Amino acid sequence: MQEEDRIVGEVVKLDRGFPLVRTPDGAEYRCKHATALVKRERVRAVIGDQVEVSLPHGNDKALITGILPRRNRFVRKDPTERALPQVLAANFEHVLVAQPLADVNLKRLERELVLAFETGADVAVVLTKADLAESEEQLASVRQAVQDLAGDRVPIVVCTEEDPASVEAVRALVPPGETAILLGRSGVGKSSLVNVLVGHELQETTAVRETDGRGRHTTVSREIVDIPGAGRVVDMPGVRGLALWDAEEGIGAAFADVEELAAGCKFRDCKHENEPGCAVRAAVEAGDLAESRLESYRQLMRETDEIRRRREEAARIRSRTGHPRHRSTRPRKRK
């Protein structure tokens with residue numbers, strides 16, 4: 001081996017330890033980030049990243065020295081910062097949003113769809129634990145409500161581990177050679193679904209409670225998993241906070257019906273409140289658009305506008321101080 005070999009590989013696992021990078025020849029290396037990379041850019045490799053890796057002679061770990069341009073990324077606002085993004089995954093073709101059929105949270109689903117659409121990847125919704133539905137009527141009603149929310153172009157798959165056909169329908173969402181990220185809060189059955197797709201116990205899950213048939217998964221890492229007869233999937237750890245970051249396009253895609261109506265408003269900057277000639281308000285008053293859906297749209301737009309304002313404010317502060325690095329704008333705690 002030379003004093004220092006340089007290779008390109010993919011981050012295939014990310015946990016509390018060091019990123020695991022796999023090279024095209026199948027070799028795997030535990031890596032740490034080069035100090036210069038972290039200090040200069042304040043970025044770290046995420047699951048799915050293509051990275052440049054240095055293999056110093058005599059070192060037990062490789063160094064990630066560079067991150068290749070990302071085709072796309074799943075990003076939210078950093079929950080610990082006022083005006084910084086947090087990238088959770090990169091370079092994928094599909095986002096599968098998982099929600100438990102018997103306990104669907106439509107408000108959260110709205111936000112999940114916005115973030116999913118913002119990536120530019122194909123989006124689908126997987127309704128898990130369908131066996132817990134109280135009746136066929138509930139199953140059909142929930143599926144229709146989700147379809148109405150997501151739009152006709154988003155596939156909705158109702159899945160249960162006991163129904164092989166429904167599992168195959170999920171498998172078909174991830175063609176060979178492509179990668180999907182599986183998004184959803186803790187306890188929706190993502191890890192169990194991955195286990196069924198793979199065909200053996202790969203992701204550890206906790207016991208199911210007898211009172212309501214629910215369990216909570218224990219995924220704390222992100223790992224790319226090969227699905228036999230299909231592509232690859234990343235079971236993302238349960239994401240609690242889903243604050244938006246630069247999500248105008250995602251909002252537009254998730255609320256295509258509102259955006260289409262807005263094109264008919266008299267004023268281009270219409271807020272759809274009390275402006276004259278508002279086509280969106282007219283649709284609400286005519287019963288063609290639910291008031292709750294319009295309010296969700298306005299709330300998400302206000303949120304992303306506020307994030308933009310904070311980001312611009314932080315940029316102005318950095319330009320005045322000449323400080324090149326991002327800094328938290330949170331107030332310091334008094335000692």
Side-chain angles (χ1 to χ4, degrees), residues 46-48 72-79 85-90 92-130 142-159 170 173-174 179-194 214 216-217 219 222 233-259 290 292-304 307:
V46 299
I47 193 75
N72 63 351
R73 59 183 191 161
F74 182 87
V75 60
R76 65 173 178 176
K77 187 181 79 67
D78 191 330
Q86 182 183 43
V87 181
L88 301 182
F92 48 87
E93 289 76 26
H94 307 272
V95 180
L96 309 184
V97 181
Q99 283 263 355
L101 187 141
D103 189 26
V104 167
N105 184 329
L106 292 178
K107 283 293 184 183
R108 180 183 172 93
L109 179 58
E110 282 180 339
R111 190 171 290 267
E112 289 171 332
L113 288 171
V114 167
L115 292 172
F117 280 126
E118 187 65 29
T119 68
D122 292 333
V123 179
V125 177
V126 179
L127 297 176
T128 62
K129 303 183 179 182
V142 171
R143 190 189 189 287
Q144 188 59 54
V146 171
Q147 189 75 76
D148 291 343
L149 178 63
D152 294 338
R153 61 195 180 99
V154 176
I156 311 296
V157 176
V158 177
C159 180
V170 178
L173 295 173
V174 192
T179 302
I181 61 173
L182 187 55
L183 174 68
R185 69 183 189 272
S186 295
V188 303
K190 303 193 308 295
S191 296
S192 297
L193 178 58
V194 171
R214 299 176 186 171
R216 299 185 67 83
H217 76 194
T219 304
R222 299 178 181 91
V233 66
V234 181
D235 178 9
M236 304 281 285
V239 179
R240 294 181 182 178
L242 289 173
L244 306 185
W245 178 268
D246 265 351
E248 289 89 347
E249 291 186 10
I251 294 173
F255 290 84
D257 52 344
V258 180
E259 294 270 302
S292 60
R293 183 156 174 79
L294 173 57
E295 180 52 37
S296 293
Y297 173 82
R298 287 197 301 230
Q299 178 182 339
L300 294 171
M301 288 297 293
R302 288 194 295 267
E303 180 178 332
T304 196
I307 290 300

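The shown structure was predicted, so the numbers you read here are calculated from the model rather than taken from an experiment. When reading the values below, keep in mind they use all heavy atoms of this one structure, side chains included, and skip hydrogens, waters and symmetry mates.
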Kindly indicate, with the supporting measurements, whether the criterion side-chain hydrogen bond (donor to acceptor under 3.5 Å, both in side chains) is fulfilled by Tyr297 and Glu259. CA-CA 9 Å; Tyr297 173 82; Glu259 294 270 302; 2.5 Å; yes

Nearest-0.5 Å distance, [atom1] of residue [X] to [atom2] of residue [Y]:
X: Arg302; Y: Glu295; atom1: CZ; atom2: CD; value: 5.0 Å
X: Leu96; Y: Thr128; atom1: CG; atom2: OG1; value: 12.0 Å
X: Leu109; Y: Leu149; atom1: CG; atom2: CG; value: 5.0 Å
X: Arg222; Y: Leu182; atom1: CZ; atom2: CG; value: 13.0 Å
X: Glu110; Y: Gln299; atom1: CD; atom2: CD; value: 8.5 Å
X: Ile156; Y: Gln147; atom1: CD1; atom2: CD; value: 4.5 Å

Qualifying residue, where the test is side chain to side chain contact (heavy atoms under 4.5 Å, CB included) with Ile251 and the options are Leu300, Leu115, Val258: Leu300

For Val233, run the side chain to side chain contact (heavy atoms under 4.5 Å, CB included) check against Leu193, Val194, Val174, Leu173 and tell me which one passes. Val194

Under 3.5 Å, is there a donor-acceptor pair between the Ser191 and Asp235 side chains? yes

Check side-chain contact (heavy atoms from CB on, under 4.5 Å) between Thr179 and all other residues, then give those that pass, not counting sequence neighbours. Phe92, Glu93, Arg232, Val234

Check whether any side-chain heavy atom of [X] lies under 4.5 Å from a side-chain heavy atom of [Y], and answer yes or no.
X: Val46; Y: Phe74; answer: no
X: Leu101; Y: Lys129; answer: no
X: Arg111; Y: Lys107; answer: no
X: Val125; Y: Leu113; answer: yes
X: Val126; Y: Lys190; answer: no
X: Arg298; Y: Glu303; answer: no
X: Phe255; Y: Leu294; answer: no
X: Asn105; Y: Arg185; answer: yes

Sequence neighbours left out, what passes side-chain hydrogen bond (donor to acceptor under 3.5 Å, both in side chains) with Asp148? Give chain and number order. Gln144

Stepwise side chain to side chain contact (heavy atoms under 4.5 Å, CB included) check, Arg293 with Asp257: CA-CA 10 Å; Arg293 183 156 174 79; Asp257 52 344; 2.8 Å; yes

Show your working on side chain to side chain contact (heavy atoms under 4.5 Å, CB included) between Ile181 and Thr119 and close with a plain yes or no. CA-CA 11 Å; Ile181 61 173; Thr119 68; 5.6 Å; no

For Val114 and Ala254, work out which heavy atoms get closest and say how close. CG2-CB, 3.7 Å

